[in-house]
Amino acid sequence: MPKVNLLMVAPPAIFFGLAAFFYIGMQREDPNALRSAREGQPAPMVELTQLGPEQPFTNETLSDGQVKLVNYWASWCGPCRAEHPLLTDLAEEGLPIYGINYKDDPEKALAFLDELGDPYAALGADFTGRTALEWGLYGVPETYVLAGDGTVMLRFAGPLTDDVMERRIRPALDAAAAR
């Protein structure tokens, strides 16, 4: 009986193990979607700094009975600029959107809004990134759909597009309204 060398068996075994792991991971509905432990949970606490003339929104704002979006953004973020017209359209439809400016220069952030318009019902700044850590922020832009009671219904990491609006955001808004 031939002797089996472990060094000859290990590489193929590791390869097939990884291949099975990746195959199982690809079986999700959207393999590119980032899962969020926050979905179905109350929105995390917000500790924001004032950005502009008004006080930042509070935790109570996030559970005021209205369906809303919370949008993390920054002036230095190109995709934030690209999604901005869609946020403006949603705000014009009457959807409250609360903006959290992430690790940005306040003057540049306000100039960004002066240039493109301000779709936000209220703003706050997260200069340190502490609130973003609580929310599980992956990067900007990132948008959360909240039910009226403050429950996170959806987290979408990345820029909003027309396709994302129809496939992800609007269905989540409907689910939040029905809650």
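When a residue number appears, it is its place in the shown sequence, counting from 1.
- Applying the side chain to side chain contact (heavy atoms under 4.5 Å, CB included) criterion to Asp174, with sequence neighbours excluded, gives no partner residue.
- Counting heavy atoms from C-beta on, the side chains of Thr143 and Tyr72 never come closer than 4.5 Å.
- For the salt bridge (charged side-chain N to carboxylate O under 4.0 Å, His left out) condition, no pair includes a residue of residues 120-137, sequence neighbours left out.
- Counting heavy atoms from C-beta outward, Arg179 and Asp149 have side chains that approach closer than 4.5 Å.
- Residues that satisfy the side-chain hydrogen bond (donor to acceptor under 3.5 Å, both in side chains) test with Glu60, not counting sequence neighbours, are Thr58.
- Under the 4.5 Å side-chain heavy-atom criterion for Ile, Leu, Val, Met, Phe, Trp and Tyr, Leu154 and Leu137 are members of distinct hydrophobic clusters.
- In terms of the side chain to side chain contact (heavy atoms under 4.5 Å, CB included) criterion, residue partners of Pro79 (sequence neighbours excluded) are, by chain and number, Cys77, Pro141, Pro159.
- Put simply, the side chain of Lys103 does not reach to within 4.5 Å of the side chain of Thr128, judged on heavy atoms.
- If you check the side chains of Thr161 and Asp163, you find no donor sitting under 3.5 Å from an acceptor.
- Side-chain atoms of Trp73 and Ile100, non-hydrogen and from C-beta on, never get closer than 4.5 Å to each other.
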List the atom pairs, donor and acceptor, that lie under 3.5 Å between side-chain atoms in residues 111-122 and the rest of the protein, sequence neighbours left out.
| from | atom 1 | to | atom 2 | distance (Å) |
| --- | --- | --- | --- | --- |
| Glu115 | OE2 | Arg81 | NH1 | 3.0 |
| Asp118 | OD1 | Tyr120 | N | 2.9 |
| Tyr120 | OH | Asn71 | OD1 | 2.8 |

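- Remark: Ser75 pairs with Asp104 by the side-chain hydrogen bond (donor to acceptor under 3.5 Å, both in side chains) rule, at least two apart or across chains.
- Hydrophobic side-chain contacts under 4.5 Å tie Phe127 to no other Ile, Leu, Val, Met, Phe, Trp or Tyr residue.
- Side-chain contact between Leu146 and Val70: present, with at least one pair of heavy atoms (C-beta onward) separated by less than 4.5 Å.
- Annotation: side chain to side chain donor-acceptor pair (under 3.5 Å) contacts involving residues 84-96, sequence neighbours excluded, comprise Glu93-Arg170.
- One hydrophobic cluster, built from ILVMFWY side chains closer than 4.5 Å, holds both Phe57 and Val140.
- Formation of a donor-acceptor pair under 3.5 Å by the Tyr138 side chain with backbone atoms of Phe156 is not found in this model.
- With sequence neighbours excluded, no residue satisfies side-chain hydrogen bond (donor to acceptor under 3.5 Å, both in side chains) with Glu107.
- Taking each heavy atom of Pro96 and Gln66 in turn, the nearest pair found is CG-OE1, 3.8 Å.
- The cluster map of Ile, Leu, Val, Met, Phe, Trp and Tyr, joined by side-chain heavy atoms under 4.5 Å apart, puts Leu123 and Leu160 in the same cluster.
- If you take OG1 on Thr61 and NZ on Lys68, they are separated by 8.0 Å, rounding to the nearest 0.5 Å.
- Among residues two or more places apart in sequence or in another chain, the side-chain hydrogen bond (donor to acceptor under 3.5 Å, both in side chains) test is passed with Asp162 by none.
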For residues 42-54, run the donor-acceptor check on the side chains, cut-off 3.5 Å, and write out each pair with its distance to 0.1 Å, sequence neighbours left out.
| from | atom 1 | to | atom 2 | distance (Å) |
| --- | --- | --- | --- | --- |
| Gln50 | OE1 | Gln55 | NE2 | 2.8 |
| Gln50 | NE2 | Gly52 | O | 3.0 |
| Gln50 | NE2 | Pro53 | O | 3.1 |

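- By the criterion of side-chain heavy atoms lying less than 4.5 angstrom apart, applied directly or through intervening Ile, Leu, Val, Met, Phe, Trp or Tyr residues, Tyr144 is not grouped with Leu86; the two fall into different hydrophobic clusters.
- Considering all non-hydrogen atoms of both residues, Glu83 and Gly158 come closest at OE1-O, 3.9 Å.
- Applying the side chain to side chain contact (heavy atoms under 4.5 Å, CB included) rule to Leu173 yields the partners Val67, Leu69, Leu95, Val145, Ile169; only residues at least two apart in sequence or on another chain are considered.
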Subject >> Check against salt bridge (charged side-chain N to carboxylate O under 4.0 Å, His left out), Arg155 and Glu39 >> reply: CA-CA 7 Å; Arg155 166 196 179 209; Glu39 287 180 16; over 6 Å; no
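- With rounding to the nearest 0.5 angstrom, the OH atom of Tyr102 is 7.0 Å from the CH2 atom of Trp76.
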